[in-house]
There are 2 protein chains.
Amino acid sequence: MAHIGTNENAQAASPSLPKPDVLSPDCPSRAILQHVTSRWGTLVLIVLDAKVLRFSDLKRRIGGVSDRMLAQTLQVLEADGLILRHAFDVVPPHVEYRLTPLGAEVSNRVLSLASLIEANLPQFLSQRPKRPAAAQTVR
Amino acid sequence: MAHIGTNENAQAASPSLPKPDVLSPDCPSRAILQHVTSRWGTLVLIVLDAKVLRFSDLKRRIGGVSDRMLAQTLQVLEADGLILRHAFDVVPPHVEYRLTPLGAEVSNRVLSLASLIEANLPQFLSQRPKRPAAAQTVR
DNA sequence: TGATGTACTTCCCTTTTTGTACGTACTTCC
DNA sequence: GGAAGTACGTACAAAAAGGGAAGTACATCA
């Protein structure tokens, strides 16, 4: 399908543009991908799908986020041009968040991924207790 | 499209199955999503797309992974039933990794997300220097 | 009058993640 | 004969991520 794994981690001399490749550590596309797939970034994009929400709305919908993390995530996503922030200059603060066109496309992909996982959860869980899954960094 | 944000963070009393929702912090689906969207998990799934690769192949293709992280990521993904590990009992170790059918589906979604980002990289980068993007955790 | 809600920011501290280096057991290549 | 390659496990330590509490400025509600 796509042609992602084409240039093997190469960042070789290129006259104009290096051709984006998430597989090479220094390609900016990898950073964007990280933002989108970050712990809270993913959920923000999902929740914001085709909606306009305020900070507190987002917080209520995304179970477990802290103020600090939500704010930070929103800033990163805004800087990447995925979401738009609209602040009204009123006394009790009122800020609205929505997806940009590009953000909407990204959101769709993320949403389809999440839906796939939710739909197959039973299958995932069924094969869980195969091996103890190598306790990571035992404490 | 999908029906994800349906039950608002609810984990209320349900007779049988709680209905998967990545938005509720304790739903197992969120954990799976995290594995899939983890820093290296995403790249492993992309690289493994319709291929059979050995540990060292994976390491070479995924720029920047350390042995430890790659091994750990592979174990988690295997435990989730997304990839299959086949070890040959030979003297210089020989192990092959490939996607399970479910893993292949997940891989496709991830791949489409990554492709979208790569394809729009210029657009992402163009609007970058808007605001200093709020230096996170200033040191 | 006092509590509540809004949208964050900042500080401080704990938890988690990640990297580096080393060891293994044996074979093949130079 | 020594170097390199294979597929990890483990210990140690640095770096990053994350949580919690407090503060702001004012208006509305009871």
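First the proteins, then the strands, lettered A, B, ... as listed; each starts at 1.
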Revision key, fill the gap. Under the rule of Watson-Crick or G-U wobble with both distances under 3.5 Å, where | means paired to another strand and [ ] a crossing pair, DNA chain C maps to ||||||||||||||||||||||||||||||
How many Å lie between [atom1] on [X] and [atom2] on [N], as a whole number?
X	N	atom1	atom2	result
His86(B)	dA7(D)	NE2	C1'	15 Å
Lys59(A)	dT9(C)	NZ	P	14 Å
Gln34(A)	dA16(D)	CD	P	13 Å
Leu70(B)	dT18(C)	CG	P	13 Å
Asp89(B)	dC8(D)	CG	P	13 Å
Phe88(B)	dC8(D)	CZ	P	12 Å
Arg68(A)	dT24(D)	CZ	C1'	19 Å
His35(B)	dT16(C)	NE2	C1'	13 Å

Sub-3.5 Å pairs of nitrogen or oxygen atoms, protein against nucleotides 5-7 of chain C:
| unit_1 | atom_1 | unit_2 | atom_2 | d |
| --- | --- | --- | --- | --- |
| dT6(C) | O3' | Arg54(A) | NH2 | 2.9 |
| dT6(C) | O3' | Pro93(A) | O | 2.9 |
| dA7(C) | OP1 | Arg54(A) | NE | 2.7 |
| dA7(C) | OP1 | Arg54(A) | NH2 | 2.8 |
| dA7(C) | OP1 | Val95(A) | N | 3.3 |
| dA7(C) | OP2 | Ser56(A) | N | 3.2 |
| dA7(C) | OP2 | Ser56(A) | OG | 2.9 |

Check your understanding: Taking only residues two or more places apart in sequence or in another chain, which ones pass salt bridge (charged side-chain N to carboxylate O under 4.0 Å, His left out) with Arg98(B)?
Key ->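 Testing Arg98(B) for salt bridge (charged side-chain N to carboxylate O under 4.0 Å, His left out), a comparison that skips the adjacent residues, returns Glu96(B).
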Is there side-chain contact between [X] and [Y], with at least one heavy-atom pair below 4.5 Å?
X	Y	value
His94(B)	Arg54(B)	yes
Val65(B)	Ile62(B)	yes
Glu105(A)	Leu116(B)	yes

Review point. For dT9(C), does either OP1 or OP2 sit under 4.0 Å from a side-chain N or O belonging to Gln72(A)?
Key: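 False: Gln72(A) side-chain N/O out of range (4.0 Å or more) of dT9(C) OP1/OP2.
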Review point. Toward the 5' end of DNA chain D, which comes first, Leu74(B) or Arg39(A), by nearest nucleotide?
Key: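 Closest to the 5' end, via its nearest nucleotide, is Leu74(B).
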Gap separating the [atom1] atom of [X] from the [atom2] atom of [Y], nearest 0.5 angstrom:
X	Y	atom1	atom2	value
Ile117(A)	Leu33(B)	CD1	CG	4.5 Å
Lys19(B)	Ser29(B)	NZ	OG	12.0 Å
Leu74(A)	Trp40(A)	CG	CH2	12.5 Å
Thr37(B)	Leu45(B)	OG1	CG	10.0 Å
Ser107(A)	Leu77(A)	OG	CG	10.0 Å

